[in-house]
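Here the structure is a predicted model, which is why all the values come from computation and not from measurement. Sequence lines set the chain letters: A, B, ... in the order given, protein chains first and strands last, and positions in each chain run from 1.
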Amino acid sequence: MRPPPAAAAPASRLNDHLIARSTPSFKKVALPVKIATWNVNSIRQREGHVLSWLERNQPDILLLQEIKCETAAFPAQAFAKLGYQAEAVGQKAYNGVAVLSRVPFEVTQRTLPGLPPDDAQARYIEIRALNTIIGNLYLPNGNSGGEAGYAYKLGWMEHLAQHAASLLAAGEDLILAGDYNVCPTEEDYAPGALPPEDALLRPETRARFRSLLWLGLTDAVRAMRPSGQIYTFWDYQAGAWPRDRGLRIDHALLSSRMAERLIEALPDRMERDQPQPSDHVPVIISFEP
DNA sequence: ATGTCTTCCCGCGGAAGA
């Protein structure tokens, strides 16, 4: 409940500062910057989930993957009502990424630099907000399309590393977040949740993920919790969620200054218990302002 | 490996991708 306006309140030296903090005309107390990433597995199926989650969690920026709709079909108006501006890069049926932000931003990329110009897969959007470059990525799964499909994944990761290197060389503060489709270590998937030859954990996949870390990027979730089972995805099949047979494949990598500001980074596990959930849950990262 | 979900279409069920 909002306290009465300052003018109507009895003058009290003791609680003046409390009134000031909660009165809109005064400058807000600086709150942590809250950024989240979420593979929603179709925004049209999950619009209600996202709206409800935004209201409950109040992130400054939410990065979405697998919106599975064309750019023009993204339901931007629904999010505008909650104060979030939307920018989407979509395609028919598959893939697709979008940014929702309640802070001002500009789009800096709509595709991953370095990919062939005829690459039509909607997997990357990047913005500048809060003096930070924020890349939202949906990395190829790599299990379909045979060896060519897997080679596409590896190539994509190499272009991502090159792009990250050039941003860091330019001195940018950087967050690269999204669905990486990579289990970085043996701790990052439940025993039996994946066959040993799966593209999410092949050695070549992990080597390319490590090459991102070697640029000086920090895995936000592991910076807060260096070991232990932490998952962000549970397959719809075979009772993966009730058995907690999950994967940690949604990540946020941070440049050094962002890592210094890191307060917390954690998946919102309970979102997986919603009716008709996405198979991924949001990962929330908080920074000192 | 598959007990599911989402999309598309030449649909009225099945393929493909995850």
Peer 1: Roughly how many Å apart are B:dT2 and B:dA15, using the P atom of each and rounding to a whole number?
Peer 2: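 To the nearest whole Å, 16 Å.
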
Peer 1: Parallel, tilted or perpendicular for A:F209 and A:Y180, by the 30°/60° rule?
Peer 2: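 Taking A:Y180 first and then A:F209, their aromatic rings stand perpendicular (interplane angle over 60°).
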
Peer 1: Going 5' to 3' through nucleotides 9-18 of chain B, assign each nucleotide B (protein heavy atom under 4.0 Å from a base atom), S (under 4.0 Å only from sugar-phosphate atoms) or - (no protein heavy atom that close).
Peer 2: S-------SB

Peer 1: Sequence neighbours left out, what passes ring pair (Phe, Tyr, Trp, His ring centres under 6.0 Å) with A:F287? Give chain and number order.
Peer 2: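 Not a single residue meets the ring pair (Phe, Tyr, Trp, His ring centres under 6.0 Å) criterion with A:F287.
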
Peer 1: Just how far, in rounded Å, is P of B:dC8 from CD of A:Q45?
Peer 2: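 It works out to 10 Å between those atoms.
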
Peer 1: Please identify which of these residues, A:L64, A:L82, A:D60, meets the side-chain contact (heavy atoms from CB on, under 4.5 Å) condition with A:L100.
Peer 2: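 Checked A:L64, A:L82, A:D60 against A:L100; only one passes side-chain contact (heavy atoms from CB on, under 4.5 Å): A:L64.
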
Peer 1: Given the C1' atoms of B:dC12 and B:dG17, what is the spacing between them in whole Å?
Peer 2: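 Those two atoms are separated by 22 Å.
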
Peer 1: Quick one: A:Y189 OH to B:dA1 P, roughly how many Å, whole number?
Peer 2: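 Computing the A:Y189:OH to B:dA1:P distance gives 13 Å.
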
Peer 1: Atom CD1 of A:I43 and atom C1' of B:dC5: how far apart are they, to the nearest Å?
Peer 2: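 Value for this atom pair: 16 Å.
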
Peer 1: At under 4.0 Å between heavy atoms, what does A:A193 touch on the DNA or RNA strands: base, sugar-phosphate, or nothing?
Peer 2: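 A:A193: base contact, heavy atoms under 4.0 Å.
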
Peer 1: Taking atom types as modelled, find out whether A:D273 and A:W241 have a side-chain donor-acceptor pair closer than 3.5 angstrom.
Peer 2: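 Distance-only check passes for A:D273 and A:W241.
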
Peer 1: Which pair of heavy atoms, one from A:L63 and one from A:I61, lies closest together, and at what distance?
Peer 2: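 Distance-wise, the nearest heavy atoms are CD2-CG2, 3.8 Å.
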
Peer 1: Could you check A:G239 against A:I67 and say which one's nearest nucleotide on DNA chain B is further toward the 5' end?
Peer 2: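 By nearest-heavy-atom nucleotide position, the 5'-most residue is A:G239.
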
Peer 1: Mapping A:A93 and A:G192 to their closest nucleotides on DNA chain B, which lands nearer the 5' end?
Peer 2: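 Its nearest nucleotide lies further toward 5', so the answer is A:G192.
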
Peer 1: In whole angstrom, give me the gap between the C1' atoms of B:dA16 and B:dG11.
Peer 2: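 Rounded to whole Å, the distance is 15 Å.
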
Peer 1: Could you check whether A:Y189 and A:Y231 have their ring centres less than 6.0 Å apart?
Peer 2: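 No - the distance between ring centres of A:Y231 and A:Y189 does not fall below the 6.0 Å cut-off.
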
Peer 1: Can you check whether A:R243 has a side-chain N or O nearer than 4.0 Å to OP1 or OP2 of B:dG3?
Peer 2: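 No.
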
